[in-house]
> 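Here it is: the structure, laid out below.
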Amino acid sequence: MMAHADLEAQIDSWRSYVQRSQAISPADVDELEDHLREQIAERKATGLDDEEAFLVAIRRLGNLDAVSREFAREHSDRLWKQLVLLPETTDDDGGTPPWRELAVVLALAVGAGIAVKAGFSLIENENVFARNLGLLVFPFLAGYFAWKRRLTLPVLAALAIPFAVLAVVINVYPFSPGGSTELLAVLHAPVILWMLAGLAYVGGRWQSDSRRMDFVRFTGEFAIYYTLLALGGAVLIGLTLGAFSLIGTDFEPVLAEWILPFAVPGALVVAAWLVEAKQNVVENIAPVLTRIFTPLTILMLLALLGVLAVSGGLVNVDRELLILMDAILILVLALLLYSISARDSLARPGLSDGLQLLLVGAALAVDAVMLTAMLTRIAEFGFSPNKIAALGLNVLLLVHLVRAGWLTIGFIRGRRPFGQLENWQTQYLPVYGAWAAVVVVVFPPVFSFT
């Protein structure tokens, strides 16, 4: 018999599937969910258990694709309205006027640019500026989520305290200039800040698996939008530089000192707003992207395994290669998370699930080789902050991938629901934030700030 929690999980999965339809608005999804819950209650009143009532109610709603087509015929303009810059929301329907949200976003984007420009001008030491760069931008990104979600004071305090602790650690620790622990702090502080941004994004509901998975989807879509903004900006800047060079004017100082300090951090806030406003459009691209890049990534991992096999011994593996491999494994993990977040949790196992299992297997093989190489190098040359940080990350990746592979096998064989695989991803993500905090806070004093 399906427990109440399992019933809610099934309703959440159904709702996520419905929301992927471009023709169905959020208000329509709420209406359909109310109708579904009424059907479930009526079926339970006749003596059916939760599972039976849910299945019967789903059938009573009819074929979902047919429902989507019906909505599309009646509201054919909705698909195009999703591509309009400003949503049609007014004070009369309880929403935020479009001009007000746009004004807030632009103000926060400009504020992030001003903060970065001020930091660039006031902080002469490049290493200190690099340590503080994320701290300068995060308040504006989190501020947008706080405004959007109307966060309560306890949630704001939960965000402010770790942010303040991180700011103190980053600026008070006596790092050796250019030392390993300083570089590790620069690399890991953004991970902590992004986790804090996730807390703001979920609106304080950080114990909800579905909300954490929403943040995973947001992260993937955010990366797509920011990349598109960056590519468009690069083209515009390239054309501008070419035009100014032809008339004999040096545009690079203006670009370096004013445009980039404002554009790069400001685009982070704008990209977050675009995801919030247009998430249904990009979410339909997600399955296509994962189906294209999953087999390509598998081929890349197999090629890398071949490179490692002929590298001439694990001790002689170049350190830069190991760093690059870590970056590739993180990219593989991101692809895995995004593919899971984009999958219909109610669909049966298919070819894409088999490819995903193959991707996990190839990543595990690469990770195992890397762990062996790292342990061999540590045995040969001794410990260092960089080696321990990389070793810890690879151990975390190994645990994550092993469990993900095991749950995927169980799902493909029909012995486990897809929800277990999905929940594992969201439940394990905070571990990476905790490890980043250890690297930033604990490593420097342990290794004498070198």
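Predicted, not measured: the structure shown is a model, and the values here were computed from it. Throughout, residue positions are numbered sequentially from 1 according to the sequence presented.
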> Could you walk me through whether Thr240 and Phe251 satisfy the side chain to side chain contact (heavy atoms under 4.5 Å, CB included) test, starting with their C-alpha distance in whole Å, then the side-chain angles of each, then the deciding distance to 0.1 Å, before giving a yes or no?
CA-CA 8 Å; Thr240 305; Phe251 185 69; 3.8 Å; yes
> Are any of the side-chain heavy atoms of Ile237 and Leu260 separated by less than 4.5 Å?
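In short, these two side chains touch, coming nearer than 4.5 Å.
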> Can you name the closest pair of heavy atoms from Pro190 and Val186 and give their distance?
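Nearest pair, atom of Pro190 first, then Val186: CD-O, 3.1 Å.
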> Could you list the residues that satisfy side-chain hydrogen bond (donor to acceptor under 3.5 Å, both in side chains) with Glu257, not counting sequence neighbours?
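In terms of side-chain hydrogen bond (donor to acceptor under 3.5 Å, both in side chains), with neighbours along the sequence ignored, Glu257 is linked to no residue.
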> Taking side chain as C-beta onward, heavy atoms only, is Leu429 less than 4.5 Å from Phe215?
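Leu429 vs Phe215: side chains apart.
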> May I have all residue pairs that pass side-chain hydrogen bond (donor to acceptor under 3.5 Å, both in side chains) and include part of residues 438-450, sequence neighbours excluded?
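The answer is none; no pair qualifies.
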> Can you tell me how far CH2 of Trp424 sits from CD1 of Ile340, rounded to the nearest 0.5 angstrom?
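Ile340 atom CD1 to Trp424 atom CH2 measures 11.5 Å (nearest 0.5 Å).
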> If you define the side chain from C-beta out and look only at heavy atoms, does anything of Phe447 sit under 4.5 Å from Ser180?
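No, every pair of side-chain atoms sits at 4.5 Å or beyond.
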> So, does Asp367 use its side chain to make a donor-acceptor pair with the main chain of Leu398 at under 3.5 Å?
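Side chain of Asp367 to backbone of Leu398, a donor-acceptor pair under 3.5 Å: yes, one is there.
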> Return the minimal non-hydrogen interatomic distance between Pro265 and Val137, and the atom names on each side.
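Answer, listing the atom of Pro265 first, then Val137: CB-CG2, 3.8 Å.
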> With a 4.5 Å limit on heavy-atom distance, are the side chains of Thr181 and Tyr173 in contact?
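They are not in side-chain contact.
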> Can you list the residues that meet the side-chain hydrogen bond (donor to acceptor under 3.5 Å, both in side chains) rule with Lys117, with sequence neighbours excluded?
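side-chain hydrogen bond (donor to acceptor under 3.5 Å, both in side chains) check on Lys117 returns nothing, list empty.
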> After noting the C-alpha distance and the side-chain angles of Asp214 and Val202, does the key distance pass the side chain to side chain contact (heavy atoms under 4.5 Å, CB included) rule?
CA-CA 8 Å; Asp214 287 341; Val202 301; over 6 Å; no
> Sort and list the pairs that fulfil side-chain hydrogen bond (donor to acceptor under 3.5 Å, both in side chains) and have at least one residue in residues 396-414, not counting sequence neighbours.
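side-chain hydrogen bond (donor to acceptor under 3.5 Å, both in side chains) check on residues 396-414 returns His400-Gln425, His400-Tyr432.
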> If you measure from CG on Leu228 to CG on Leu274, what distance do you get to the nearest 0.5 Å?
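It is 9.5 Å, given to the nearest 0.5 Å.
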> Compare all side-chain heavy atoms of Leu166 with those of Leu193 and state whether any distance is below 4.5 angstrom.
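Yes, their side chains come closer than 4.5 Å.
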> Minimum heavy-atom separation for Ala167 and Leu135, please, with both atom names.
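Scanning both residues completely, I find the closest heavy atoms to be CA-CD1, 3.7 Å.
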> Using only atom types and a distance under 3.5 Å, with no angle test, would you say the side chain of Glu422 pairs donor to acceptor with the backbone of Phe418?
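No, the answer is negative, given that no donor and acceptor are paired below the 3.5 Å cut-off.
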> If you measure from CZ on Arg131 to CD1 on Ile170, what distance do you get to the nearest 0.5 Å?
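The CD1 atom of Ile170 is 6.5 Å from CZ of Arg131, to the nearest 0.5 Å.
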> State, to 0.1 Å, how close Leu229 and Ala267 come at their nearest heavy-atom pair, and which atoms those are.
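Answer, listing the atom of Leu229 first, then Ala267: CD1-O, 3.9 Å.
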> For Phe145, check ring-ring contact (aromatic ring centres under 6.0 Å, His included) against everything at least two apart and list the hits.
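Partners of Phe145 under the ring-ring contact (aromatic ring centres under 6.0 Å, His included) test: Tyr201, Phe218.
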> Let me confirm one number: the CZ-CG distance from Arg149 to Leu199, rounded to the nearest 0.5 Å.
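Separation between the atoms: 12.5 Å.
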> Dump the intermediate steps for side chain to side chain contact (heavy atoms under 4.5 Å, CB included) on Leu184 and Val440, then the final yes or no.
CA-CA 7 Å; Leu184 290 174; Val440 173; over 6 Å; no
> Using residues 292-307 as the side-chain source, report each donor-acceptor pair under 3.5 Å to any protein atom, sequence neighbours left out, with the distance given to one decimal.
from   : atom 1 : to     : atom 2 : distance (Å)
Thr294 : OG1    : Thr290 : O      : 2.6
Thr297 : OG1    : Phe293 : O      : 2.6

> Parallel, tilted or perpendicular, judged at 30° and 60°: which one describes the rings of Tyr226 and Phe222?
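The rings of Tyr226 and Phe222 lie parallel, inter-plane angle below 30°.
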> If you compare all heavy atoms of Leu141 against all heavy atoms of Leu268, which two are closest, and at what distance to 0.1 Å?
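Of all heavy-atom pairs spanning Leu141 and Leu268, the closest is CD1-O, 4.1 Å.
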> Would you say the side-chain atoms of Arg212 pair up with the backbone N or O of Trp206, donor to acceptor, closer than 3.5 Å?
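Yes.
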> Among residues at least two apart in sequence or on other chains, which ones pass side-chain hydrogen bond (donor to acceptor under 3.5 Å, both in side chains) with Asn423?
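By the side-chain hydrogen bond (donor to acceptor under 3.5 Å, both in side chains) rule, Asn423 matches no residue at all.
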> Could you work out, with side-chain contact (heavy atoms from CB on, under 4.5 Å) as the rule, every residue matching Val110, not counting sequence neighbours?
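If we apply the side-chain contact (heavy atoms from CB on, under 4.5 Å) test to Val110, skipping adjacent residues, the hits are Ile114.
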> Decide if the gap between the ring center of Phe443 and the ring center of Trp435 is smaller than 6.0 angstrom.
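Distance test on ring centres: under 6.0 Å, yes.
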> Would you say the side chain of Met370 lies within less than 4.5 Å of the side chain of Leu329, judging by non-hydrogen atoms?
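When only atoms from C-beta onward are counted, Met370 and Leu329 do touch, with a gap below 4.5 Å.
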> Could I get the full list of salt bridge (charged side-chain N to carboxylate O under 4.0 Å, His left out) partners for Lys387, not counting sequence neighbours?
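Testing Lys387 for salt bridge (charged side-chain N to carboxylate O under 4.0 Å, His left out), a comparison that skips the adjacent residues, returns none.
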> Measuring from atom CG of Leu241 to atom CG of Leu255, what distance do you get when rounded to the nearest 0.5 angstrom?
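Reported value, rounded in 0.5 Å steps: 5.5 Å.
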> Is atom CD of Glu126 surrounded by more than 12 heavy atoms (other residues, nucleotides or ligands) closer than 6.0 Å?
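Result for CD/Glu126: open.
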> Please tell me if the side chains of Thr219 and Tyr338 come closer than 4.5 Å, counting only heavy atoms from C-beta onward.
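Side chain of Thr219 against side chain of Tyr338, heavy atoms only: no contact under 4.5 Å found.
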> Please name all residues satisfying salt bridge (charged side-chain N to carboxylate O under 4.0 Å, His left out) with Arg416, sequence neighbours left out, ordered by chain then number.
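For Arg416 there are no salt bridge (charged side-chain N to carboxylate O under 4.0 Å, His left out) partners, ignoring immediate neighbours.
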> Salt-bridged, Glu276 to Lys148, with N to O below 4.0 Å?
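No, Glu276 and Lys148 are not salt-bridged.
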> How many angstroms lie between CG in Asp353 and CG in Leu359, if you round to the nearest 0.5 Å?
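Between atom CG of Asp353 and atom CG of Leu359 there are 12.0 Å.
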> Which residues pass the side-chain hydrogen bond (donor to acceptor under 3.5 Å, both in side chains) test with Asn132, not counting sequence neighbours?
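With neighbours one apart ignored, the set is Asn171.
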> Crowded around Phe120 CZ? As in, over 12 foreign heavy atoms under 6.0 Å?
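Not buried by this count: 12 neighbours or fewer within 6.0 Å.
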> Apply ring-ring contact (aromatic ring centres under 6.0 Å, His included) to residues Tyr225 and Trp273 and explain how you reach the verdict.
CA-CA 10 Å; Tyr225 271 121; Trp273 169 62; 9.7 Å; no
> For the residue pair Gln356 / Ser339, report whether a side-chain donor-acceptor contact shorter than 3.5 Å exists.
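Yes, because at least one side-chain N or O of Ser339 sits under 3.5 Å from a partner of the opposite role on Gln356.
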> Quick check: closest heavy atoms across Leu196 and Pro162, and the distance to 0.1 Å?
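Distance-wise, the nearest heavy atoms are CD2-CG, 3.6 Å.
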> Would you say the side chain of Val116 lies within less than 4.5 Å of the side chain of Phe262, judging by non-hydrogen atoms?
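Not in contact.
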> With sequence neighbours excluded, what pairs up with Tyr144 under the ring-ring contact (aromatic ring centres under 6.0 Å, His included) test?
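Residues passing ring-ring contact (aromatic ring centres under 6.0 Å, His included) with Tyr144: none at all.
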